[in-house]
Amino acid sequence: MSTPTFRAAVVRTPSGPGSIEIIDVPVAEPGPGEVRVEIAAAAVNPVDLGVARGLFHAMGLVNQPEHTGLGWDFAGTVVATGAVVSLPAGTRVAGLVDGFDRDFGTYAEQLVVPAADLAVVPDGLDLAMASTVPLNGLAAAGIVDLLGDAPTEGNRLLVTGAAGAVGGYVAALAQDHGWQVTGLARAEDEEFVRSLGAAFTTNAEPGWDAVADGAALQERGLALVRDGGSFVGVQPSAEPAAERGITVGVVVAHPDGPRLGGLLARTASGELPARVHAAVPLEQVADAHRAVAKGGVRGRYVLKP
């Protein structure tokens with residue numbers, strides 16, 4: 001009797017989109033506290049491009065002798081449950097898997113994950129849309145955590161890359177904490193940024209109380225912060241050195257089912273943006289990576305296994 005399998009996209013010798021392979025992987029049964037999800041959609045994120053080209057292998061963060069899985073966030077339907085799980089089969093869920101050093105990812109037909117890491121997708125929210133929320137939404141929420149509540153004096157926050165996935169969420173969420181938000185983006189993105197309730201600029205001068213660096217400007221972003229202000233970056237492997245009394249932080253997104261549930265609810269109600277640029281079959285993963293690498297894509301590419 002043959003072992004049941006499912007398809008997954010991986011890299012063996014990472015060297016960019018052309019090195020991505022789709023392989024057959026044995027189906028695993030969920031253990032205690034785990035569920036198996038049939039994936040309906042998996043978002044393509046810039047970090048995936050770094051994994052596929054070997055960036056994190058070269059940094060010593062990945063050591064997978066067989067293959068490395070691709071993909072961080074997903075949405076789908078629970079099809080099997082282990083012991084001590086309250087999520088029944090048939091529940092629509094979304095979630096995030098983190099860490100670079102793993103032989104599995106969300107670019108796959110199925111995934112076994114801890115049930116506690118998942119959030120139920122609200123009725124009315126499309127699974128493709130839901131798949132774009134976990135990584136970027138949780139990263140943005142983490143950025144806002146690091147910024148904290150805005151001081152009464154000095155609440156001017158610049159969000160770089162405000163029309164991007166992380167930046168768009170930060171621009172919306174930071175206002176809940178008293179920040180007066182201005183989004184830095186291209187001229188053609190002005191309508192979107194203003195729709196978040198933020199002010200807009202295409203050319204920021206130095207002197208901001210805080211900068212949330214969604215565009216990964218790094219040192220150029222740090223230079224926009226006033227002396228004694230705050231800077232939060234998005235590249236954990238390349239945190240800029242603190243200077244001029246500036247508080248420097250860097251966000252690392254981790255699975256958080258309850259918090260993700262809140263983000264999905266706000267997305268379903270229209271409070272937070274969810275943008276799908278295109279939904280493509282898993283077989284077109286290399287083309288999706290090439291398109292994202294060119295830049296300028298508004299909304300996520302989503303893979304449909």
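All values below were derived from every heavy atom in this structure, side-chain atoms included, with hydrogens, water molecules and symmetry-related copies excluded.
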Identify every side-chain donor-acceptor pair in residues 162-170 under 3.5 Å, counting partners at least two apart or on other chains, and give the distances.
from : atom 1 : to   : atom 2 : distance (Å)
Y169 : OH     : P273 : O      : 2.9

Should V97 and L111 count as side-chain neighbours, where that means a heavy-atom distance under 4.5 Å? yes
List the steps and the verdict of side-chain contact (heavy atoms from CB on, under 4.5 Å) for L173 and I143. CA-CA 10 Å; L173 294 171; I143 288 172; over 6 Å; no
Residues Q218, D213; criterion side-chain contact (heavy atoms from CB on, under 4.5 Å); working and verdict: CA-CA 7 Å; Q218 299 293 88; D213 191 26; 3.9 Å; yes
Using every non-hydrogen atom in the two residues, find where R300 and P46 come nearest and quote the distance to one decimal. NH2-CD, 3.6 Å
Where do A41 and A128 come nearest, in terms of heavy atoms and distance? CB-CA, 3.7 Å
I'd like to check the ring-ring contact (aromatic ring centres under 6.0 Å, His included) partners of H289; sequence neighbours left out, ordered by chain and number. Y107
Please report the interatomic distance CD(Q110) to CD1(I39), rounded to the nearest 0.5 Å. 8.5 Å
Do you know which two heavy atoms are closest between A94 and L260, and how far apart they sit? O-CD2, 3.5 Å
Close side-chain approach of D101 to L61, heavy-atom, < 4.5 Å: no
Count the heavy atoms of every other residue, nucleotide or ligand shown that sit under 6.0 Å from CG of D227, and state whether that count exceeds 12. yes
Donor-acceptor check, side chain of T91 to backbone of V78, threshold 3.5 angstrom: yes or no? no
Going from CD1 on I20 to CD on Q284, what distance comes out if it is rounded to the nearest 0.5 angstrom? 12.5 Å
Do N155 side-chain atoms and A150 backbone N/O form a donor-acceptor pair below 3.5 Å? no
With a 4.5 Å heavy-atom cut-off, do L146 and V250 have their side chains touching? no
Side chain to side chain contact (heavy atoms under 4.5 Å, CB included) partners for E38, two or more places apart: V79
Under 3.5 Å, side chain of S15 to main-chain N/O of R53, donor-acceptor pair present? no
Result block: side-chain N/O donor-acceptor pairs under 3.5 angstrom for residues 21-33, not counting sequence neighbours:
from : atom 1 : to  : atom 2 : distance (Å)
E21  : OE1    : R12 : NE     : 3.0
E21  : OE2    : R12 : NE     : 3.1
E29  : OE1    : R36 : NH1    : 3.0
E29  : OE2    : R36 : NH1    : 3.1

Can D209 and R226 be said to form a side-chain contact (heavy atoms from CB on, under 4.5 Å), step by step? CA-CA 6 Å; D209 299 309; R226 64 164 172 81; 2.6 Å; yes
Same apolar cluster (I L V M F W Y, side chains within < 4.5 Å links), V112/F6: no
Counting distance only, does the side-chain N/O of R298 pair as donor-acceptor with the main-chain N or O of H277 below 3.5 Å? no
Do L303 and V280 have side chains that approach each other closer than 4.5 Å (heavy atoms only, starting at C-beta)? yes
In plain terms, say whether R259 and D145 are close enough for a salt bridge, that is, a side-chain N and a carboxylate O under 4.0 Å apart. yes
Starting from L127, can I reach V285 by hopping between I/L/V/M/F/W/Y residues whose side chains sit under 4.5 Å apart? yes
To the nearest 0.5 angstrom, please state how far the OG1 atom of T201 sits from the CD atom of E190. 9.5 Å
Check residues 65-72 and write down every donor-acceptor pair under 3.5 Å in which the side-chain atom is one partner and the other belongs to a residue at least two apart or another chain.
from : atom 1 : to   : atom 2 : distance (Å)
H67  : NE2    : D103 : O      : 3.3
T68  : OG1    : H57  : NE2    : 3.0

Beyond-backbone contact of L147 with H177, side-chain heavy atoms, under 4.5 angstrom: no
Is the backbone of E283 close enough, under 3.5 Å, to the side chain of R7 for a donor and an acceptor to pair up by distance? no
With a 4.5 Å cut-off on side-chain heavy-atom distances among I, L, V, M, F, W and Y, is there a chain of contacts connecting F200 to L157? no
Output yes when a side-chain donor or acceptor of S230 lies under 3.5 Å from a complementary backbone atom of T247, and no otherwise. no
How far does CG of L264 sit from CE of M129, to the nearest 0.5 angstrom? 13.0 Å
What I'd like to find out is whether the side chain of L118 reaches to under 4.5 Å of the side chain of V37, using heavy atoms alone. yes
Looking at CG of N45 and CG of N136, how far apart are the two atoms once the value is rounded to the nearest 0.5 Å? 5.0 Å
Beyond-backbone contact of D98 with P255, side-chain heavy atoms, under 4.5 angstrom: yes
With the side chain counted from C-beta on, respond yes when H254 and L138 share a heavy-atom pair under 4.5 Å apart, and no when they do not. no
For A171, is there any backbone N or O sitting under 3.5 Å from a side-chain donor or acceptor partner on W179? no
Correct closest heavy-atom pair for A274 and T267 would be CB-CG2, 3.5 Å
Grouping ILVMFWY residues whenever side-chain heavy atoms fall under 4.5 Å, the cluster of L158 otherwise contains L184, W208, V211, L217, L222, L224, V225, F231, I246, V248
For R220, does the CZ atom have more than 12 heavy-atom neighbours from other residues, nucleotides or ligands under 6.0 Å away? no
At what distance, to the nearest 0.5 angstrom, does CG of L87 lie from CZ of R92? 13.5 Å
